[in-house]
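The next block holds one structure in the form of structure tokens; read it before the comments.
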There are 2 protein chains.
Amino acid sequence: MVKRTSFEGDSCPIARSLEALGDWWSLLIIREALFGVRRFGEFQSRLGMAKNILAARLRSLVDHGILATAPASDGSAYQEYLLTPKGRGTFPILVALRQWSEEFDDHPEEIATILVDRARGRPVKKLEMRAEDGRLLSPADTTLKPRPARRRSA
Amino acid sequence: MVKRTSFEGDSCPIARSLEALGDWWSLLIIREALFGVRRFGEFQSRLGMAKNILAARLRSLVDHGILATAPASDGSAYQEYLLTPKGRGTFPILVALRQWSEEFDDHPEEIATILVDRARGRPVKKLEMRAEDGRLLSPADTTLKPRPARRRSA
DNA sequence: GCAATCTAGTTTCATCATGCAACTAAGGAG
DNA sequence: CTCCTTAGTTGCATGATGAAACTAGATTGC
């Protein structure tokens with residue numbers, strides 16, 4: 001087998017996420033969907049990507065439960081693609097990618113938009129990692145533990 | 001040109017991040033680096049990837065300023081790959097991917113590890129988006145604004 | 001000091017994925 | 001009924017990926 005390696009059976013949750021999101025287009029499609037884009041043609045024109053690739057990605061995202069198809073809301077007989085809760089759950093990932101670019105990009109002047117709190121128009125605060133009790137954590141303050149087996153009584 | 005589209009000139013910071021991180025292996029290499037992996041052979045054996053691909057990815061990550069090469073710390077004449085601050089700055093992205101998988105994966109029992117606060121051994125809190133004043137924000141509470149032009153006097 | 005081995009790659013070649021362009025079939029507009 | 005739009009699929013050229021073989025310099029054993 002020379003095909004692209006799949007992370008589907010991998011036990012690492014990061015690899016498992018990448019299995020669904022880790023190609024060049026999926027996260028950008030989700031970004032558009034979060035902006036309210038629903039129709040095939042609108043994804044295609046806004047992202048400027050080839051239609052066959054878009055069709056393949058949409059199918060993959062539906063298969064992974066990130067998008068779902070529904071009859072078009074404008075009354076036409078076409079369908080639209082809507083984010084599921086799992087799809088909306090990717091929002092922190094997109095925010096993390098955005099903030100990383102804002103902080104470390106070599107040409108930040110080329111970044112066109114900033115994410116702001118709608119009520120105040122002020123930038124969203126940097127994502128931070130905290131312990132259950134609220135202490136701010138750095139990478140070095142964390143470690144990995146084996147996942148505890150699920151108890152039957154729970 | 002039929003080559004893979006590049007997001008390098010794109011004005012969206014998410015696309016720009018994906019330019020550096022958006023392939024199948026880069027984030028996993030960074031994950032290992034965060035665990036302290038530094039040497040070519042150790043990346044290769046832990047990730048189980050082809051050596052030519054690993055060499056290409058390491059070169060790309062160095063080019064993007066995410067890794068830097070340094071003489072090996074064990075005194076040998078080989079070199080090692082160390083995360084730069086920009087590389088360590090990807091940690092929230094990895095945490096976001098991990099938490100998304102933990103929350104939405106269809107087979108969570110296959111996930112082997114959980115990320116915990118080292119001091120208490122308790123799971124890290126979910127990343128949350130907050131306004132400058134600390135208010136918790138949902139995706140709908142945010143919007144995009146054009147980036148303000150940088151003032152010269154600043 | 002020299003042969004054997006290890007490390008960190010590069011090269012080769014087969015296969016897969018991506019992307020453009022052309023094609024198609026069902027819907028809608030007039 | 002005819003034309004245009006939407007949402008795809010198909011074909012083909014090219015780039016990316018991966019397994020395996022190869023290589024050069026570093027290290028180790030003796």
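Every chain is numbered from 1, with letters handed out A, B, ... down the list of sequences.
- Put simply, CH2 on B:Trp24 is 12 Å from C1' on C:dC16, counting in whole angstrom units.
- The salt bridge (charged side-chain N to carboxylate O under 4.0 Å, His left out) check on A:Arg98 picks up A:Glu102, with sequence neighbours excluded.
- Note: CZ (B:Arg38) to P (C:dT7) measures 17 Å, nearest angstrom.
- Rounding to whole angstrom units, CD of residue A:Glu80 and C1' of D:dT6 are separated by 14 Å.
- For C:dG9, one of the phosphate oxygens OP1 or OP2 lies less than 4.0 angstrom from a side-chain nitrogen or oxygen of B:Tyr81.
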Review item, nucleotides 27-30 of chain C N/O atoms under 3.5 Å of protein N/O:
| residue | atom | partner | partner atom | Å |
| --- | --- | --- | --- | --- |
| C:dG27 | O4' | A:Tyr78 | OH | 3.3 |
| C:dG28 | OP1 | A:Ala77 | N | 2.6 |

Tell me which donor-acceptor pairs under 3.5 Å the side chains of residues 25-34 of chain A have, and how far apart each pair is, sequence neighbours excluded?
| residue | atom | partner | partner atom | Å |
| --- | --- | --- | --- | --- |
| A:Ser26 | OG | A:Asp23 | OD1 | 2.6 |
| A:Ser26 | OG | A:Asp23 | OD2 | 3.4 |
| A:Glu32 | OE1 | A:Arg46 | NE | 2.7 |
| A:Glu32 | OE1 | A:Arg46 | NH2 | 3.0 |

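- Taking only side-chain nitrogens and oxygens, A:Gln79 comes nearer than 4.0 Å to OP1 or OP2 of D:dG8.
- The phosphate of C:dG19 has OP1 or OP2 within less than 4.0 Å of a side-chain N or O from A:Trp25.
- Only B:Ala50, B:Asn52, B:Ile53, B:Arg57, listed by number, bring a heavy atom of residues 39-58 of chain B to less than 4.0 angstrom from any atom of DNA chain D.
- Taking 4.0 Å as the cut-off between side-chain N and carboxylate O, A:Glu109 and B:Arg147 do not count as a salt-bridged pair.
- The side chain to side chain donor-acceptor pair (under 3.5 Å) test applied to B:Asn52 returns no partner, not counting sequence neighbours.
- Tested against B:Glu132, the residues A:Arg120, A:Lys125, A:Arg122 include a single salt bridge (Lys or Arg N to Asp or Glu O under 4.0 Å) partner, A:Arg122.
- Under the ring pair (Phe, Tyr, Trp, His ring centres under 6.0 Å) criterion, B:Tyr81 pairs with no residue, sequence neighbours left out.
- Using a cutoff of 4.0 Å between basic side-chain nitrogens and carboxylate oxygens, A:Glu103 and A:Lys126 are scored as salt-bridged.
- Electrostatic pairing of A:Asp105 and B:Arg16 counts as a salt bridge here, judged by a charged N lying under 4.0 Å from a carboxylate O.
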